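Heads up: the structure comes next, in structure tokens.
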Amino acid sequence: MQLVKSLYECDYKAYLNAMVLVEPILRADRYLYPHLAYWMRELHILAYKQFLDSYQSVTLQAMANAFGVSTEFIDQHASGFIA
């Protein structure tokens, strides 16, 4: 519930924290576990897309502040999603 609520409210720091809580649940499910990496990747993409859709340009620092992580993390992690 917190995962959906934080995404809806654009509280990206809480969203990433909620993802940390959801991961063990998915990991424990024998049907969902094989798809864990896919789901976690899609959850990250969903939040990044929602955040970036409202901007024509955004700095790594602004994005890092919104997600509550370092600029190095955002730079390294988000670059893997850029097509």
Side-chain angles (χ1 to χ4, degrees):
M1 178 70 171
Q2 183 62 33
L3 184 73
V4 175
K5 182 180 177 190
S6 59
L7 182 65
Y8 177 77
E9 294 176 348
C10 301
D11 184 354
Y12 301 111
K13 184 176 181 180
Y15 180 78
L16 288 184
N17 289 330
M19 282 181 61
V20 170
L21 300 175
V22 168
E23 184 177 359
I25 296 168
L26 296 175
R27 186 177 300 279
D29 187 295
R30 70 183 207 176
Y31 298 108
L32 296 177
Y33 177 71
H35 310 287
L36 177 63
Y38 171 81
W39 280 106
M40 297 309 285
R41 176 179 166 83
E42 290 300 312
L43 289 173
H44 277 105
I45 290 172
L46 184 64
Y48 290 161
K49 183 177 180 339
Q50 180 176 310
F51 180 80
L52 294 171
D53 277 348
S54 58
Y55 298 98
Q56 275 191 319
S57 68
V58 65
T59 65
L60 288 176
Q61 186 63 52
M63 198 168 172
N65 291 343
F67 283 90
V69 295
S70 68
T71 55
E72 292 80 17
F73 175 84
I74 286 291
D75 186 30
Q76 184 177 26
H77 194 250
S79 66
F81 300 121
I82 298 172

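All values derive from a computational prediction rather than experimental measurement.
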Over 12 foreign heavy atoms within 6.0 Å of CD, E9: yes
Separation between CG of L16 and CG of L43, rounded to the nearest 0.5 Å: 10.0 Å
From CG (L60) to CD (Q76), nearest 0.5 Å: 12.0 Å
Closest non-hydrogen atom pair, Q50 against C10: NE2-SG, 3.1 Å
Point-to-point distance, once rounded to the nearest 0.5 Å, from CZ of F51 to CG of L46: 14.0 Å
Contacts of type side chain to side chain contact (heavy atoms under 4.5 Å, CB included), residue V22, not counting sequence neighbours: L3, L26
NE2-OH distance between H44 and Y15, expressed to the nearest 0.5 angstrom: 8.0 Å
Ring geometry between H77 and F73 (parallel below 30°, tilted from 30 to 60°, perpendicular above 60°): parallel
Nearest-0.5 Å distance, CD1 of residue I74 to OG1 of residue T59: 10.5 Å
Over all atoms of both residues, closest heavy-atom pair of A14 and Q2: CB-NE2, 4.1 Å
Side chain N17, main chain K13, donor-acceptor under 3.5 Å: yes
Spacing of T71 atom OG1 and M63 atom CE [to the nearest 0.5 Å]: 12.0 Å
A47 versus L7, closest heavy-atom pair with distance: CA-CD1, 4.1 Å
